[in-house]
Amino acid sequence: AGKVKNVREIRKIKKEIAYDDELAASIELVSSGKLEEGLKGLEAFKVAHPKHRAEDVDKAIAGVKAMIAEASAPAPAAK
């Protein structure tokens with residue numbers, strides 16, 4: 001029974017690593033300035049894996065949306 005539990009635990013860890021890698025790909029897009037693509041990736045990740053790092057994903061989505069809003073806001077008039 002101990003070996004079976006270890007195998008299950010290893011599978012669970014591998015799955016979490018795969019999810020983290022998928023999430024990292026979206027974060028990398030954001031980091032490279034591809035905000036819209038990164039946001040789409042984060043939102044798709046949230047739909048596909050709603051329980052995995054949910055709070056972190058929500059914060060990342062909110063942050064990217066704020067970055068997009070800031071980037072699209074008109075620049076203040078020069079004085």
### Task
For side-chain contact (heavy atoms from CB on, under 4.5 Å), just list the numbers for L29 and E36, CA-CA rounded to whole Å, side-chain angles, deciding distance to a tenth of an Å, and then say yes or no.
CA-CA 9 Å; L29 287 170; E36 295 285 346; over 6 Å; no

If every non-hydrogen atom of [X] is compared with every non-hydrogen atom of [Y], which pair is closest and at what distance?
{"X": "Y19", "Y": "F45", "value": "O-CE1, 3.2 Å"}
{"X": "P50", "Y": "A54", "value": "O-CB, 3.4 Å"}
{"X": "G38", "Y": "V30", "value": "CA-CG2, 3.7 Å"}

Euclidean distance, [Y] [atom2] relative to [X] [atom1], rounded to 0.5 Å:
{"X": "I68", "Y": "L39", "atom1": "CD1", "atom2": "CG", "result": "4.5 Å"}
{"X": "D56", "Y": "I27", "atom1": "CG", "atom2": "CD1", "result": "9.0 Å"}
{"X": "S26", "Y": "K40", "atom1": "OG", "atom2": "NZ", "result": "12.0 Å"}
{"X": "L35", "Y": "E70", "atom1": "CG", "atom2": "CD", "result": "10.0 Å"}
{"X": "R11", "Y": "K15", "atom1": "CZ", "atom2": "NZ", "result": "11.0 Å"}

### Message
When you compare the side chain of L23 with that of L42, does any pair of heavy atoms fall below 4.5 Å?
### Response
yes

### Query
side chain to side chain donor-acceptor pair (under 3.5 Å): which pairs involve residues 45-54, sequence neighbours left out?
D20-H52, D20-R53, E22-H49, K46-D58

